[in-house]
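So that the names make sense, note that chain A is the first sequence line, chain B the second, and so on, each numbered from 1.
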There are 2 protein chains.
Amino acid sequence: MFYAKVYITLKKSIADPQGNAIKEALLSMEYDGVKDVRMGKLIEIKLADKSSKEAEKRVKDMCDTLLANTVIEDYTYDILEVQP
Amino acid sequence: MFYAKVYITLKKSIADPQGNAIKEALLSMEYDGVKDVRMGKLIEIKLADKSSKEAEKRVKDMCDTLLANTVIEDYTYDILEVQP
């Protein structure tokens with residue numbers, strides 16, 4: 001059994017109003033060292049695959065077809081083996 | 001300069017309708033090994049702090065006061081040193 005952590009972030013060229021709102025909130029709370037904030041998504045998936053290679057292929061497929069909008073988003077993932 | 005990646009996830013006992021919707025969508029697309037999906041947030045913060053200890057303390061503070069709702073969410077973070 002595998003556990004995939006998928007990290008989805010907006011591409012650098014895409015404006016991130018949610019991240020900016022967080023940045024402004026942090027600055028208004030006197031966290032004055034904050035230079036930039038970007039907001040992304042974390043999707044954790046438990047998979048019943050037998051091999052990590054198979055799991056990786058499926059996770060990549062899932063990202064391309066459903067989880068990420070590859071026009072505006074980048075994704076990376078980690079795959080860990082876990083006990084069922 | 002430091003770069004913090006904050007991972008915010010719903011606590012295990014909290015229902016995750018968004019994760020369930022993704023799970024159902026994946027199952028309907030014939031990804032039949034999907035056992036569970038949980039949706040979380042990823043917040044990337046660029047910080048002008050001088051030391052990683054200082055950066056870590058501030059990030060923990062930010063999580064507790066603004067970024068995470070610790071009643072229903074857990075958070076973890078990684079802090080990396082980057083060139084300005």
- Message: I'd like to check B/D61 versus A/Y31 (side-chain heavy atoms, cut-off strictly below 4.5 Å). Are they in contact?
- Response: yes
- Query: Would you call B/K23-B/D36 a salt bridge at under 4.0 Å N-O?
  - Reply: no
- Query: So does B/K5 pair up with B/D78, basic N to acidic O under 4.0 Å?
  - Reply: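 Salt bridge flag = no for B/D78 with B/K5.
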- Note on the structure: chain B shares the most heavy-atom pairs under 4.5 Å, among A/A55, A/A48, A/G40, with A/G40
- Given the options A/I8, A/I22, A/L26, which has more heavy-atom pairs under 4.5 Å with chain B than any of the others?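 That would be A/L26.
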- Among B/E44, B/R58, B/K35, who wins on heavy-atom pairs under 4.5 Å with chain A? B/E44
- Task: With a 4.5 angstrom heavy-atom cut-off, could you sort out which part of A/T9 is near chain B: side chain, backbone, both or neither?
- Result: side chain
- Task: With A/V37 as reference, evaluate B/L67, B/I45, B/L47, B/V6 under the side-chain contact (heavy atoms from CB on, under 4.5 Å) test and give the passing residue.
- Result: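 Running side-chain contact (heavy atoms from CB on, under 4.5 Å) over B/L67, B/I45, B/L47, B/V6 with A/V37 returns exactly one hit, B/I45.
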